[in-house]
*Asks:* 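The structure follows.
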Amino acid sequence: EHILTVKGEQSLVEETGSGFRVITKPFARSPVLTLHNNQILYGRNDSLRVQFYSLGGDVMNTLAFDYEPVEITRSERREMYSRWRDNITSEMEEQIPNTWPVFDNFVVDNSNRIWFDVKTAENRSGTDFLVADMEGNKLGSASIPEHIRLQQVKDNFLYGIHIGDSDVLSVVVYEIRSK
């Protein structure tokens, strides 16, 4: 039985003479779901907002933060087109957003803080984190020089997956120090 159903990642669909093809939309908006303390946390990365659901599927709480999405630059758009050139038609191009998704992922640490890996104009090649408590108060931020996929924050260590050259995956860990 389904407890919660949410909209999936955005795709582009093109009809061809004999059928159709589906590709993931560049700069797509997508859902993020995680479990924490017998609750389901759901966020969609078009805004900095998290909804808390009971395991029965009832909305328990919503946290929302003001956060301005980062514009996609011309050079970023050109780079995307160079990778997707054979897959993007002019009709599909009109559906591509003008801004980056607000965040890639979020996790809850063992001190009940929510860590969002957010996109900022100042750190396009790295990863920035916005940290908040469960009441919706912004507690701080952090930056690292490389782009990683946030996996876990526990006992003052941040763990993530780094995608390197030739798509080599590495597990990385950073110690969290307060200023």
Side-chain angles (χ1 to χ4, degrees), residues 6-14 16 20-36 41-48 50 67-110 113-132 140-179:
V6 299
K7 186 177 178 183
E9 190 168 69
Q10 295 176 330
S11 300
L12 297 173
V13 179
E14 179 189 25
T16 62
F20 65 94
R21 65 182 175 152
V22 179
I23 63 170
T24 301
K25 183 188 287 189
F27 312 109
R29 303 322 190 231
S30 58
V32 177
L33 289 164
T34 191
L35 295 172
H36 179 72
L41 281 67
Y42 163 68
R44 188 160 186 86
N45 63 7
D46 54 357
S47 66
L48 204 52
V50 176
Y67 200 86
E68 194 65 36
V70 176
E71 292 285 325
I72 299 168
T73 65
R74 285 186 179 150
S75 64
E76 290 167 334
R77 204 171 267 285
R78 274 195 303 273
E79 180 185 330
M80 180 273 304
Y81 287 133
S82 70
R83 284 183 286 148
W84 292 81
R85 176 179 46 249
D86 298 333
N87 295 314
I88 303 284
T89 65
S90 58
E91 295 81 31
M92 292 175 166
E93 192 174 327
E94 293 173 9
Q95 299 177 45
I96 297 172
N98 293 319
T99 60
W100 284 90
V102 173
F103 66 92
D104 288 329
N105 193 20
F106 67 83
V107 298
V108 179
D109 70 14
N110 59 326
R113 297 174 296 204
I114 304 173
W115 290 70
F116 295 93
D117 61 355
V118 294
K119 188 71 165 178
T120 63
E122 297 79 26
N123 191 13
R124 289 186 179 278
S125 62
T127 304
D128 286 350
F129 301 98
L130 181 134
V131 185
S141 61
S143 295
I144 56 174
E146 60 186 345
H147 184 73
I148 67 158
R149 175 83 174 156
L150 179 62
Q151 298 295 309
Q152 183 176 21
V153 179
K154 185 175 182 180
D155 299 330
N156 290 323
F157 289 94
L158 183 145
Y159 301 86
I161 304 295
H162 176 261
I163 302 174
D165 296 337
S166 304
D167 293 333
V168 173
L169 301 178
S170 303
V171 175
V172 295
V173 61
Y174 292 91
E175 184 176 7
I176 301 166
R177 297 184 191 144
S178 299
K179 287 186 177 182

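Computed from a predicted model, the values in this text were never measured in an experiment.
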*Asks:* Please report the C-alpha distance between Val107 and Asn105 in whole Å, then the side-chain angles of each, then the deciding distance to 0.1 Å, and finally whether the side-chain contact (heavy atoms from CB on, under 4.5 Å) criterion is met.
*Replies:* CA-CA 7 Å; Val107 298; Asn105 193 20; 4.3 Å; yes
*Asks:* Heavy-atom distance under 4.5 Å between the side chains of Val32 and Tyr42, does that happen here?
*Replies:* no
*Asks:* Looking at Thr120, is its backbone amide N or carbonyl O close enough to the side chain of Asp128 to form a donor-acceptor pair, meaning the two atoms are under 3.5 Å apart?
*Replies:* no
*Asks:* Could you list the donor-acceptor pairs under 3.5 angstrom formed between side-chain atoms of residues 148-166 and any protein atom two or more places apart in sequence or on another chain?
*Replies:*
| from | atom 1 | to | atom 2 | distance (Å) |
| --- | --- | --- | --- | --- |
| Arg149 | NH1 | Asp104 | O | 2.9 |
| Gln151 | NE2 | Arg149 | O | 3.4 |
| Asp155 | OD1 | Asn110 | ND2 | 2.7 |
| His162 | NE2 | Glu146 | OE1 | 3.3 |

*Asks:* To check you understand the geometry: which heavy-atom pair defines the closest contact between Val70 and Ala121, and what is its length?
*Replies:* CG2-N, 3.6 Å
*Asks:* Can you tell me how far apart CG (Leu41) and CD1 (Ile114) are? Round to the nearest 0.5 Å.
*Replies:* 6.0 Å
*Asks:* If only side-chain N and O atoms count, and only distance matters, is there a donor-acceptor pair under 3.5 Å linking Arg29 with Ser47?
*Replies:* no
*Asks:* Atom CG in Asp117, atom CZ in Phe103: separation rounded to 0.5 Å?
*Replies:* 8.5 Å
*Asks:* Is the side chain of Asn45 donor-acceptor paired with the backbone N or O of Val102 at a distance under 3.5 Å, no angle test?
*Replies:* no
*Asks:* Parallel, tilted or perpendicular: which one describes the rings of Trp115 and Phe129, with boundaries at 30° and 60°?
*Replies:* perpendicular
*Asks:* Determine whether Phe106 and Thr34 make a side-chain contact, defined as any pair of heavy atoms from C-beta on separated by less than 4.5 Å.
*Replies:* yes
*Asks:* Quick check: closest heavy atoms across Pro101 and Ala28, and the distance to 0.1 Å?
*Replies:* CG-O, 3.3 Å
*Asks:* What are the two closest heavy atoms between Ser143 and Asn123, and how far apart are they?
*Replies:* CB-ND2, 4.0 Å
*Asks:* Please round to the nearest 0.5 Å and tell me the distance separating atom CZ of Arg77 and atom CD of Glu71.
*Replies:* 9.0 Å
*Asks:* To the nearest 0.5 Å, how far apart are CD in Glu76 and CH2 in Trp100?
*Replies:* 5.0 Å
*Asks:* Rounded to the nearest 0.5 Å, what separates atom NE2 in His36 from atom CG in Asp109?
*Replies:* 8.0 Å
